[in-house]
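First up is the structure itself, then whatever we jot down about it.
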Amino acid sequence: MSQLQRKIDKRKMKGKKDIKNLRPETLMMSYGYKPELSVGAIKCPIFQTSTFVFQTAEEGKSFFELAYGLREKGPREEMGLIYSRLNNPDLEILENRLTLWDESEDCAVFESGMSAISTTLLEFLNPGDLLVYSSPLYGGSDYFIKHVLTKFGIETLEVKPQMENDEVKKLVEDSGFAGRLRMIFVETPANPTNALIDIASCRKIADHFSLDDKKVLVTIDNTYMGPLWQHPLKHGADMVVYSATKYIGGHSDVIAGACLGSKELINRIKTLRTFLGSMAGPWTGWLLMRSLETLKPRMEKQTANAQKVAEFLNNHPKVEKVYYLGLLTEKNGQQYKIYKKQCLSPGAMISFDVKGGEKEAFTFLNNLKIFKLAVSLGSTESLAEHPATMTHSDVDPEERLELSITEKLIRLSIGVEHPDDLIQDIKQALSYV
Ligand SMILES: *Cc1c(COP(=O)(O)O)cnc(C)c1O
């Protein structure tokens, strides 16, 4: 290596280190984008193109060798642009920026949260393998696991948030498929009641059933906490999935998803994504990059608002019970311990029981003026819905009761409006109940 080359490398390394010291919110405006490659445009343009021109046939050959894994990447070699199902600048820069929040090695972005989840499950589960999953799961994930994975001969086993480690281990052993356990898939906090599952305990169970030639993977759907409020990879998870439709997108105007983890795992997921064709397009990539610039201020405002709304609800005579992480105290025992260990904020999702039943819940919902009556969550505007008849209407009625999803339960997603206006809206709607 020449002396000059060493000098350049040293400077590059220093640049990398400097960037490492910057916080993600500082890097969201520029990370991974070079204006000089796009006629000086300050923002990454939308690369609305299906294919990319090679400078020479030799270059095309070398790009394909890397894309199809025919040879190893050189030490300073970067993957060239080929075709937008494989890679596109809007997708790649977005993926690099997303890795900063969870401090993951790599990221794959998809056209929906469901395609992130289904591609991840399909890549790692083979016929005869066992998948352990927590309930309640997001309706789409629940359907995919119960009706699609089982069609491919994948065994599935449901566990409840309140189960102890030993109880889960025994269930796995009794299933007769313990030797084929391949993945534990968990949503925490659980939707809609904010029940918490200890991610480090999931890791322990996974390690217990891992064999030398088969590591049991832990995958966490972190949509409810977004990339700010909980970092599952730091607690032992192998992969984190998001519906980027929620906090990451944050404006109720785009459907997208993401999966994060080690280079090795994400590389496998990206390969299957190439063949399923479930990657996000350039327009989605651009929209999400714009959203990421305000991710932190949005989420901080949402959680500050949620704490105020939850406290108001907690003191209201027509409210029976409030499910919000910010109201947990030591009296809540294990749940409080997990919250303190695992969550960086109580988030902005609140559920509560109104006194009465469906009639009272509907009266409240029909009288809201600022809160919009809609499913989904994590957006700038506040939303309200009725889980028992909407998001969770296909959950078995008996199981619904077990999970506290009763007719009096209402779910709120808190936005960035003025908290006093939100509280006033809830107050006037409750006055009709
Ligand atoms: C919305 C959601 C999904 C599905 O994401 P889409 O972007 O709608 O495909 C998955 N998991 C959770 C927890 C969600 O809230």
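Residues take their numbers from the sequence shown, with the count starting at 1. Both ligands and their constituent atoms are indexed starting at 1 by order of listing.
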Would you check if S382 and V309 make a side-chain contact, meaning some heavy-atom pair closer than 4.5 Å? no
heavy-atom search around atom 4 (C) of ligand 1 in the protein gives Y138 CE2, 3.3 Å
With respect to M114, determine whether any N or O atom, backbone or side chain, lies less than 3.5 Å from an N or O atom of ligand 1. yes
Under a 4.5 Å cut-off applied to non-hydrogen side-chain atoms, are M289 and R97 in contact? yes
Does A256 have a heavy atom less than 4.0 Å from any atom of ligand 1? yes
Name the option, out of T223, I117, D221, V254, that contains the heavy atom nearest to atom 11 (N) of ligand 1. D221
Given the rule in the salt bridge (Lys or Arg N to Asp or Glu O under 4.0 Å) test, do E402 and K160 qualify, once you have shown the distances and angles that lead to the verdict? CA-CA 10 Å; E402 228 178 278; K160 301 263 159 30; 3.6 Å; yes
What is the ring orientation for Y339 with Y336, classed by angle as parallel under 30°, tilted 30 to 60°, or perpendicular over 60°? tilted
Show the atoms of ligand 1 that are less than 4.0 angstrom away from any heavy atom in S243. 1 (C), 2 (C), 3 (C), 4 (C), 5 (O), 6 (P), 7 (O)
Ring geometry between Y143 and H147 (parallel below 30°, tilted from 30 to 60°, perpendicular above 60°): tilted
Do me a favour and list the nearest non-hydrogen protein atom to atom 2 (C) of ligand 1 with residue, atom name and distance? K246 NZ, 2.6 Å
N/O of G113 under 3.5 Å from N/O of ligand 1, yes or no? yes
Is there at least one pair of N or O atoms, one from T245 and one from ligand 1, spaced under 3.5 Å apart? yes
When rounded to the nearest 0.5 angstrom, what is the spacing between OH in Y138 and OH in Y224? 11.5 Å
